[in-house]
Amino acid sequence: MISKQQIIDRFISYVTIDTESDPNSKTTPSTEKQWDLAHKLTKELIAIGMKDVTIDTNAYVMATLPSNIDHDVPTIGFISHFDTTPDFTGKNVKPRVIENYDGKDIALNADENIILSPNYFEDLLLYVGQTLIVTDGTTLLGADDKAGITEIMTAMEYLIKNPDIKHGKIRVGFTPDEEIGRGAHKFDVDKFGADWAYTMDGSQVGELEYENFNAAGAVVFVKGKIVHPGYAKGKLVNSMYYASEYINTLPRLETPEHTEGYEGFFHLHHIEGKVEETILKYIIRDHDKDKFEARKALMQKIVNDLNTKFEAEVFTIEITDQYFNMKEKVEPVMHIVDIAEEAMKALDIDPLIKPIRGGTDGSQLSYMGLPCPNIFAGGHNFHGRYEYVPVESMQKAVEVICKISEITASKAK
């Protein structure tokens with residue numbers, strides 16, 4: 001039986017290390033503090049008995065659990081990232097363990113009246129009677145994706161201690177900078193040497209995902225002219241007013257707060273504005289490749305149309321592709337999804353096969369030659385103060401890793 005306390009202790013030892021990444025940095029990892037956890041993981045892999053443990057100059061950590069059977073088996077991998085998002089602070093995380101959750105409001109921080117309530121976060125009611133790990137309301141928790149790391153590490157240790165569970169060669173990998181879209185950029189797929197892998201980076205128990213958004217970033221530059229406001233008639237051009245026209249020309253209901261499932265969106269996530277120049281930063285998302293291309297074309301068309309309307313080159317735009325839907329690379333090898341689904345069913349877990357409304361390292365790795373579906377890690381409300389993870393969900397994820405390894409070996413006989 002996989003120990004709850006072992007999982008709790010391991011998870012807390014990871015989340016109390018600040019590993020926030022920085023999108024403005026040009027280095028890999030993007031922050032020096034990510035090295036702290038990378039080195040800890042390296043030492044821990046050695047301590048539990050993993051082989052071929054390496055950490056490269058960019059903080060990518062890899063290790064091997066050798067096969068314990070005498071026939072050829074595909075090499076599989078399990079991957080998680082150790083950075084946390086810059087969207088919300090990960091400094092001085094103070095996790096709290098709540099035993100036997102009673103289904104009521106949780107006061108994360110009484111002094112600041114920060115409440116984690118099932119009236120707002122209904123998923124909490126799925127975990128009545130279970131053990132939750134929450135924040136103190138002033139930081140994120142870091143279950144994205146230190147829960148995944150905890151599960152991979154715990155599963156490897158369990159397999160080492162239980163050699164009666166037969167498996168082939170297993171590779172594990174821990175990456176920096178996933179939260180800023182660079183987690184796979186310097187991942188050495190050839191060195192990793194797996195036939196396929198799974199990222200442990202999903203949310204609710206049962207999640208199994210092999211479709212994700214096609215993704216791009218767009219920056220719209222809006223030019224104005226600054227003139228003393230007392231003498232501005234016919235001369236001053238306020239870029240912020242022009243920028244608002246661009247914003248309002250895009251489909252208002254095609255935004256994250258109005259979409260779900262396979263619906264794509266435009267998301268304005270940052271504005272820098274003054275009279276002389278305003279900068280709008282967007283992300284563009286769609287599962288369908290043709291609709292994705294149409295979204296990018298629409299943003300360019302609005303620029304062209306508004307420049308024509310104002311008879312000046314007021315608007316310019318830069319659009320950069322970020323990642324693509326892994327479905328194209330996973331569907332030809334769907335047996336790797338089938339194995340994960342079979343593993344969940346064998347453990348009485350109902351598989352929740354659905355598209356990811358985001359991206360993972362797996363999306364990029366799939367296009368780098370390593371097909372890589374995504375599996376639940378158990379956390380909820382990522383990237384903010386209301387993040388939490390049920391310990392029982394992490395236990396189930398550990399069991400899924402072990403069962404996938406066992407099934408892969410049995411199918412290769």
Side-chain angles (χ1 to χ4, degrees), residues 23 85 87 178-185 199 201-204 207-222 243-271 279-309 315-334 336-337 351-374 382-383:
T85 180
D87 290 349
E178 189 269 356
E179 294 291 0
I180 57 173
R182 306 202 307 245
H185 284 191
T199 50
D201 196 16
S203 182
Q204 182 180 345
E207 285 187 3
L208 172 57
E209 301 149 328
Y210 65 93
E211 302 178 66
N212 61 278
F213 279 136
N214 294 292
V219 183
V220 180
F221 300 91
V222 190
S244 67
E245 184 145 1
Y246 187 93
I247 293 168
N248 292 328
T249 303
L250 283 167
R252 179 63 188 90
L253 297 182
E254 295 183 22
T255 57
E257 63 270 32
H258 293 105
T259 54
E260 62 184 352
Y262 284 95
E263 297 170 332
F265 58 74
F266 305 94
H267 178 41
L268 175 63
H269 64 88
H270 193 80
I271 299 176
I279 299 173
L280 310 175
K281 295 183 179 181
Y282 284 88
I283 60 173
I284 308 162
R285 301 290 188 264
D286 212 296
H287 288 91
D288 184 276
K289 188 66 178 295
D290 291 339
K291 291 179 180 178
F292 175 62
E293 294 299 330
R295 289 186 183 281
K296 292 189 290 182
L298 177 59
M299 293 195 75
Q300 181 64 64
K301 183 177 185 298
I302 293 172
V303 164
N304 298 341
D305 290 349
L306 290 177
N307 283 338
T308 299
K309 175 180 177 179
F315 297 86
T316 56
I317 188 170
E318 295 176 358
I319 300 176
T320 306
D321 287 333
Q322 296 170 324
Y323 53 83
F324 300 102
N325 192 342
M326 74 170 87
K327 179 180 179 181
E328 179 180 329
K329 300 298 182 182
V330 174
E331 277 194 329
V333 288
M334 274 297 288
I336 71 178
V337 177
L352 302 174
I353 300 177
K354 61 185 183 63
I356 307 170
R357 288 185 60 79
T360 69
D361 278 345
S363 59
Q364 295 185 49
L365 291 170
S366 293
Y367 280 85
M368 294 164 65
L370 181 65
C372 202
N374 190 49
F382 297 145
H383 295 201

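Owing to the predicted nature of the structure, the values given are computational and were not obtained by experimental measurement. Count residues from 1 along the sequence.
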Asks: Do D321 and K296 pass the side chain to side chain contact (heavy atoms under 4.5 Å, CB included) test, and can you show the C-alpha distance, the side-chain angles, and the key distance before you say yes or no?
Replies: CA-CA 10 Å; D321 287 333; K296 292 189 290 182; 2.8 Å; yes
Asks: When rounded to the nearest 0.5 angstrom, what is the spacing between CD1 in I302 and CG in L250?
Replies: 4.0 Å
Asks: I need the M299 CE to I317 CD1 distance, nearest 0.5 Å.
Replies: 4.5 Å
Asks: Can you list the steps and then say if F265 with H258 is a side chain to side chain contact (heavy atoms under 4.5 Å, CB included)?
Replies: CA-CA 9 Å; F265 58 74; H258 293 105; over 6 Å; no
Asks: When rounded to the nearest 0.5 angstrom, what is the spacing between OG in S366 and CD in E328?
Replies: 10.5 Å
Asks: Quick one: NZ on K354 to CG on N374, what's the gap to the nearest 0.5 Å?
Replies: 9.0 Å
Asks: Just wondering, do Y367 and Y323 contact through their side chains at under 4.5 Å, heavy atoms?
Replies: no
Asks: For the pair V330 and V337, evaluate side chain to side chain contact (heavy atoms under 4.5 Å, CB included) and give the outcome as yes or no after the intermediate values.
Replies: CA-CA 8 Å; V330 174; V337 177; 3.7 Å; yes
Asks: State, yes or no, whether a side-chain contact exists between F324 and K329 at a heavy-atom distance under 4.5 Å.
Replies: no
Asks: Taking all atoms of both residues into account, what is the closest heavy-atom pair of G264 and T259, and its distance?
Replies: O-CG2, 3.4 Å
Asks: Are the side chains of D361 and D201 in touch, meaning some heavy atoms are under 4.5 Å apart?
Replies: no
Asks: Measure the CD1-CD1 distance between I319 and I284 for me, rounded to the nearest 0.5 Å.
Replies: 5.0 Å
Asks: Below 4.5 Å, heavy atoms only, C-beta onward: do S363 and I356 meet side chain to side chain?
Replies: no
Asks: Just so I know, are the side chains of Y246 and V222 near enough to count as touching, which here means a heavy-atom distance under 4.5 Å?
Replies: no
Asks: Please report the C-alpha distance between K309 and E245 in whole Å, then the side-chain angles of each, then the deciding distance to 0.1 Å, and finally whether the salt bridge (Lys or Arg N to Asp or Glu O under 4.0 Å) criterion is met.
Replies: CA-CA 11 Å; K309 175 180 177 179; E245 184 145 1; 2.3 Å; yes
Asks: For A184 and Q364, work out which heavy atoms get closest and say how close.
Replies: CB-CB, 3.7 Å
Asks: Taking side chain as C-beta onward, heavy atoms only, is I283 less than 4.5 Å from H269?
Replies: yes
Asks: In this structure, are over 12 heavy atoms from other groups packed under 6.0 Å from E260 atom CD?
Replies: no
Asks: Name the one of E263, R295, R285 that satisfies side chain to side chain contact (heavy atoms under 4.5 Å, CB included) with E254?
Replies: R295
Asks: Just do the side chain to side chain contact (heavy atoms under 4.5 Å, CB included) check on N214 and D286 with the steps written out, would you?
Replies: CA-CA 5 Å; N214 294 292; D286 212 296; 5.6 Å; no
Asks: Name the orientation class of the two ring planes belonging to F213 and H287 (parallel below 30°, tilted from 30 to 60°, perpendicular beyond 60°).
Replies: tilted
Asks: Looking at T85 and D87, would you say the former's side chain and the latter's main chain have a donor-acceptor pair under 3.5 Å?
Replies: yes
Asks: Can you name the closest pair of heavy atoms from P251 and F266 and give their distance?
Replies: CD-CE1, 3.9 Å
Asks: If you measure from CG on L268 to NZ on K281, what distance do you get to the nearest 0.5 Å?
Replies: 11.0 Å
